[in-house]
Amino acid sequence: MATPLSHTPPSALRTIAVVGLGTMGTGLTEVLARAGREVVGIDIDASQAATCVRALEASTARAVGRGRLTEPERAALLGRVTTSTDLAAAAGADLVIEVAPESYEIKQQILSELDRVVRPETILATGTNALSVTRLASGSARPERVLGLHFFNPVQAMKLVEVVSSVLTAPQAVAAVTDLAIELGKEPVAVGDRPGFVADGLLFGYLNQAAAMYEARYASREDIDAAMRLGCGLPMGPLALLDLIGVDTARRVLEAMYAESRDRLHAPAPILKQLSQAGLTGRKAGRGFYTYAAPGSAETVPDALTPAPDGTAAAGRTVRSVGVAGSGTMASGIAEVFAKAGFEVVLAARSEEKAQAAKARVGKSLDRSVAKGRLTAESAAGMLERITPAGGYEAFADVDLAVEAVAEDLDVKRQLFQALDKVCKPGAVLATTTSSLPVVACARATSRPQDVIGMHFFNPAPAMKLVEVVRTVLTADDTHATVREVCARLGKHPVDCGDRAGFIVNALLFPYLNNAIKMVEEHYATLDDIDAAMRLGGGYPMGPFELLDVVGLDVSLAIEKVLHREFRDPGLAPAPLLEHLVAAGCLGRKTGRGFREYARR
């Protein structure tokens, strides 16, 4: 018979035991004590409990020094914390949160012992991020009061808390810990019981693919990480994040996810096992994907894989004038970037009128920069004067670099490259801004494939620092060197990658977006909860559904289809919900409706 929990209101969760006083447990202890709770910290290792107390003393002393706490408040806070090596110390707790190592055996033993110690109405929460809460609860004498309470590290800073219910969990228990999370200043998200829950469920698939990309030597660790930081606005690249989390921890989470989903995207990349078995588990070991100054240090140091500072060995060709083909937002943005860097730019479109309109768009963008104080009116006028509009590609006869930014259609691009091949002078570099099509197909449309390369700018081009530089098997070394030198003159960060679908950013970003859609299809979590989880738990500037609506669902579907066709992985098949929305004309912000509805302008 279920134990009634209705008489345990949130305000009654005054005494809380934290089992496991590592980094997470210590952070939890501090957050709870700061919120006025009596906290009993429990760890079988007395030295770990002492380390926890020292860490609390140090962090609260810093808070006093910064004026965030008074000395009496600090003394009161520390007075609310006691530690023990015996689980019996949890006897008087209203809530017990265990954050012991990710092991069924360890966690079930703790819950079993707590069953014999705590009161019948005490709520037991597991901090697991990879194990089944249902399986853990089923071994308890009172499974209705067992749930998941997944905080994120560092607990003091991270706002997200995933509140995990099993089919056995009493709603009153969920309500009690949800209200507690709010009182702690956190943002709780209700999720069901599956490995990884929402945030880690989406995050670790992405991290796994990044590890596999690196293992395949498709791109360097530095370029993979820079691409995701600069292309997606993420606080850390995926390989640096794996080192921070712990390569061994990531491997365990992925193994749990794969055991549940059998999705190949969750099958741990072999390099994770190899690094783990070698003891190269990341920052904590002093070495993982990167090498660190010391175990536990955040400072990376050069190693055998660190790129040489001089970059490419080949010398690039001289580039003074640039042709930009296209009349859309991307073309005008790229023209603005080159003009700002001092290049003479020919902005060509299919008609003089379209070219003039594209130049006018650049003028408006420069005017906004002047209004914000980023440019003087005189410098903006000089930049605009460097752009010459043209109603045909014959105007590219003397350019040193031609960059196309026309429709993302292979036939259209091939026809354009055939035209550029006839018009452009020998030795001119021909670049495509494609984000998903094979660069080599553009190259083969010319008589000079050695001069063709991918130069994938990101929208808006004036603001985004990243350029993916895409070599084909036919691209000459000096063509590659030329584009990298041009990127440096533009103030952009080039990353090298090979000619395959999605390059770096889209190949890692869109499977993550697709998996988020599948979570909604399966009624696992709501749009709002998933977006909140990834913003707050993953540090993403936008949630996946916010981003999908901004990018455009039709654009997203096209990229996902290309990825699925290239890699032939069933896990990359576009989610049916995305296909249905596109078929219905719900394409995101540009149509006023996508995953959400928007006010029409």
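Along the sequence shown, the residues carry numbers beginning at 1.
Every residue meeting the side chain to side chain contact (heavy atoms under 4.5 Å, CB included) condition with Thr329, not counting sequence neighbours, appears here in chain and number order: Asn459. Listed by chain and number, the residues in a ring-ring contact (aromatic ring centres under 6.0 Å, His included) with Tyr258 amount to none (sequence neighbours excluded). Under the side chain to side chain contact (heavy atoms under 4.5 Å, CB included) criterion, Val562 pairs with Ser436, Ala501, Arg565, not counting sequence neighbours.
In terms of modelled atom types and a separation under 3.5 Å, the side chain of Lys186 and the main chain of Leu180 share no donor-acceptor contact. In this structure a side-chain-to-backbone donor-acceptor pair under 3.5 Å is missing from Lys561 to Pro574. A donor-acceptor pair is defined here as one N or O able to donate and one able to accept, closer than 3.5 Å; such a pair exists between the side chain of Tyr524 and the backbone of Gly192. The backbone N or O of Ala575 sits less than 3.5 Å from a side-chain atom of Asn514, completing a donor-acceptor pair. Although no hydrogens or angles enter the test, the distance criterion places no donor-acceptor pair under 3.5 Å between the side chain of Asp193 and the main chain of Val167. Of the possible polar contacts, none joining the Lys492 side chain to the Phe457 backbone as a donor-acceptor pair under 3.5 Å is found. For the pair Glu521 (side chain) and Leu577 (backbone), a donor-acceptor distance under 3.5 Å is present. With Arg361 contributing its side chain and Gly328 its backbone, the two residues share a donor-acceptor pair below 3.5 Å.
The distance from atom CD of Glu255 to atom CZ of Phe204, rounded to the nearest 0.5 Å, is 12.5 Å. Within the model, atoms CZ of Phe595 and CZ of Phe545 stand 5.5 Å from one another, a figure rounded to the nearest 0.5 Å.
Side-chain N/O atoms of Thr300 and Arg283 include no donor and acceptor closer than 3.5 Å. The closest side-chain donor-acceptor pair between Ser166 and Thr169 falls under 3.5 angstrom.
Partner of Thr433 under the side chain to side chain contact (heavy atoms under 4.5 Å, CB included) criterion, out of Val406, Val403, Val324: Val403 alone. For the side chain to side chain contact (heavy atoms under 4.5 Å, CB included) with Leu147, the qualifying choice from Val164, Ile123, Thr178 is Ile123, the only one to do so.
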### Query
Checking side chain to side chain contact (heavy atoms under 4.5 Å, CB included) for the pair Leu241/Phe289: CA distance, chi angles, key distance, verdict?
CA-CA 10 Å; Leu241 182 54; Phe289 286 95; over 6 Å; no
### Query
Does the side chain to side chain contact (heavy atoms under 4.5 Å, CB included) test come out yes or no for Lys284 and Asp248, once each step is laid out?
CA-CA 11 Å; Lys284 59 189 175 185; Asp248 51 341; 2.9 Å; yes
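For the pair Glu522 and Arg194, the salt-bridge criterion is met [side-chain N within less than 4.0 Å of a carboxylate O].
In plain terms, the two heavy atoms of Gly201 and His266 that are nearest each other are O-NE2, 4.3 Å.
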